[in-house]
Asker: 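The structure follows.
Note that the structure is a prediction, hence the values are computed from the model and not measured. Scope of the values below: all heavy atoms of this structure, side chains included, with no hydrogens, waters or symmetry mates. Naming: A, B, ... by sequence-line order, numbering from 1 per chain.
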2 protein chains.
Amino acid sequence: MGYPREQSIQQATEVFWLKGYLGTGMRDLQTALDKRPGSIYAAFGSKEGLYLEVLNHYTDVLHGQIMAVANSDTPLQQLREFLRFPLAVDHSAAHKIQCLIVKTQADWAELPEGVKSELQAALAHLRKAFEAVILKVRSTGELAADTPVERAAMWLQGQFIAMRTLATSVDSPASLSWMVDKIVSDLSGEWTE
Amino acid sequence: MGYPREQSIQQATEVFWLKGYLGTGMRDLQTALDKRPGSIYAAFGSKEGLYLEVLNHYTDVLHGQIMAVANSDTPLQQLREFLRFPLAVDHSAAHKIQCLIVKTQADWAELPEGVKSELQAALAHLRKAFEAVILKVRSTGELAADTPVERAAMWLQGQFIAMRTLATSVDSPASLSWMVDKIVSDLSGEWTE
DNA sequence: GTTAAATTTGAGCGATCGTTCAATTTAATC
DNA sequence: GATTAAATTGAACGATCGCTCAAATTTAAC
């Protein structure tokens with residue numbers, strides 16, 4: 001049995017997602033991973049190193065979900081489901097509604113340089129996936145052919161952030177499902193060049 | 001010369017806005033206010049107490065700005081300017097782009113109970129101001145009379161958050177001014193009940 | 001000028017932070 | 001089973017955290 005990296009990364013994701021980068025202490029991680037400090041440092045080097053692996057894994061999963069939308073035959077319908085999903089998470093896991101990347105970005109001024117650059121890279125990477133979605137929806141004819149791809153992708157990322165941020169400050173996130181319809185509707189709206 | 005509360009609150013706002021609630025230490029505040037710990041504790045009781053006054057003042061200012069939009073004779077035009085404003089802040093003050101409330105919300109799980117409830121209250125208070133804007137724009141006929149006020153207000157708050165969050169992760173915030181047009185345009189878009 | 005009250009000072013408290021590393025336990029090899 | 005290598009342990013380090021309070025200073029009153 002080698003060191004359970006994947007399991008540790010998932011457990012650490014839980015903690016960072018709940019408490020944020022600054023709010024998470026090594027002792028929180030030691031408890032969550034059921035490992036003593038030496039083991040964690042042998043495996044990940046530092047708190048920052050562990051967080052970077054968490055961020056990478058998180059970004060990969062999210063990127064995969066968005067690309068699945070882009071690669072679907074019914075991208076608009078899949079986009080709906082993708083956007084709707086976080087509105088249905090259990091109340092006990094409410095912290096999972098907010099995007100981990102956006103959450104960490106809030107601590108910007110206090111983050112190690114390595115974390116800052118990876119966060120920027122992650123946002124840009126995800127934006128590329130949103131671009132793929134826009135391109136696909138355009139190719140199916142469900143979206144005007146002259147819709148500006150980069151702007152629409154950034155706008156979509158913004159809507160994603162807005163919905164998830166609002167959902168964390170509301171009693172019943174599910175009551176925001178009308179916003180999904182609004183987003184899909186506005187996607188086909190005006191895009192003045 | 002009594003204790004300079006207002007000045008201290010403004011100086012503390014700078015620090016909290018830059019570093020966040022968790023990221024700000026009492027020593028940061030001592031430096032910024034040029035006060036020794038005892039004075040700060042005599043005036044504000046605790047770090048939380050000082051932050052709550054900062055939050056209150058910040059919320060009041062922002063609420064006033066939004067209400068000024070609502071009370072204007074040309075609310076839609078004023079809304080444009082209100083939304084556009086943070087895109088023009090100096091690069092050296094980039095941290096002021098993001099909303100202080102949203103920023104603090106990111107540390108949710110680690111915040112004192114008193115801060116949590118005040119954040120919720122601040123968001124709700126500002127949403128009321130957004131409602132006033134929607135009502136006013138509706139009354140001028142620039143917006144359909146059947147536009148759902150509560151939803152539109154929450155949506156507008158979401159767009160506000162989205163724009164400010166995206167603007168912090170982009171090289172030139174001013175390049176996002178197209179998003180202001182998109183928001184104003186979508187405001188008159190579909191609102192399926 | 002004297003006294004009393006109010007304010008400010010700053011050394012330092014106990015707790016917690018991220019991290020280290022000598023010592024120990026576990027796994028692998030012959 | 002003996003030997004070596006690899007992985008894990010956990011006490012403890014220096015730094016920093018929010019905060020306290022006796023002492024010093026400033027302000028107010030007569």
Asker: Who pairs with A:E48 by salt bridge (charged side-chain N to carboxylate O under 4.0 Å, His left out), at least two apart in sequence or on another chain?
Answerer: none
Asker: Pairs of donor and acceptor atoms involving the side chains of residues 156-166 of chain A, under 3.5 Å and at least two apart or interchain, shall be tabulated with distances.
Answerer:
residue, atom, partner, partner atom, Å
A:Q157, OE1, A:R127, NH1, 2.7
A:Q157, NE2, A:L123, O, 3.2
A:Q159, OE1, B:Q159, NE2, 2.9
A:Q159, NE2, B:Q159, OE1, 2.9
A:R164, NH1, A:I97, O, 3.2
A:T165, OG1, A:Q98, NE2, 3.1
A:T165, OG1, A:I161, O, 2.7

Asker: Starting at atom OH of B:Y3, determine the distance to atom C1' of D:dT26, rounded to an integer number of angstrom.
Answerer: 16 Å
Asker: Below 4.0 angstrom, which residues in residues 12-31 of chain A have at least one non-hydrogen atom near DNA chain C?
Answerer: A:T24, A:G25, A:M26, A:R27, A:Q30
Asker: Between P on D:dA12 and CZ on A:R36, what's the gap in Å once rounded to a whole number?
Answerer: 17 Å
Asker: When you look at NE2 of A:H57, are more than 12 heavy atoms from neighbouring residues, nucleotides or ligands closer to it than 6.0 Å?
Answerer: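 No.
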Asker: Figure out the CG/P separation between A:D34 and D:dT8, and round it to whole Å.
Answerer: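 Computing the A:D34:CG to D:dT8:P distance gives 12 Å.
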Asker: Would you call B:K182-A:D186 a salt bridge at under 4.0 Å N-O?
Answerer: no
Asker: When you measure from the side chain of B:S72 to the backbone N and O of B:A68, does any donor-acceptor pair fall under 3.5 Å?
Answerer: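 Looks like no, no N/O pair under 3.5 Å.
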Asker: What residues from residues 39-54 of chain A pass a heavy-atom cutoff of under 4.0 Å to DNA chain D?
Answerer: A:S39
Asker: According to salt bridge (charged side-chain N to carboxylate O under 4.0 Å, His left out), who are the partners of A:K96, at least two apart in sequence or on a separate chain?
Answerer: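 Applying salt bridge (charged side-chain N to carboxylate O under 4.0 Å, His left out) to A:K96 gives A:E14.
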Asker: Please report, rounded to the nearest Å, how far the P atom of C:dG18 is from the CG atom of A:L111.
Answerer: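 In whole Å, C:dG18 P lies 13 Å from A:L111 CG.
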Asker: Can a salt bridge be assigned to the pair A:E131 and A:K128 using a cut-off of 4.0 Å between side-chain N and carboxylate O?
Answerer: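 A:K128 and A:E131: salt-bridged.
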Asker: Suppose we screen for salt bridge (charged side-chain N to carboxylate O under 4.0 Å, His left out). Which residues come up paired with B:R36, at least two apart in sequence or across chains?
Answerer: B:D34
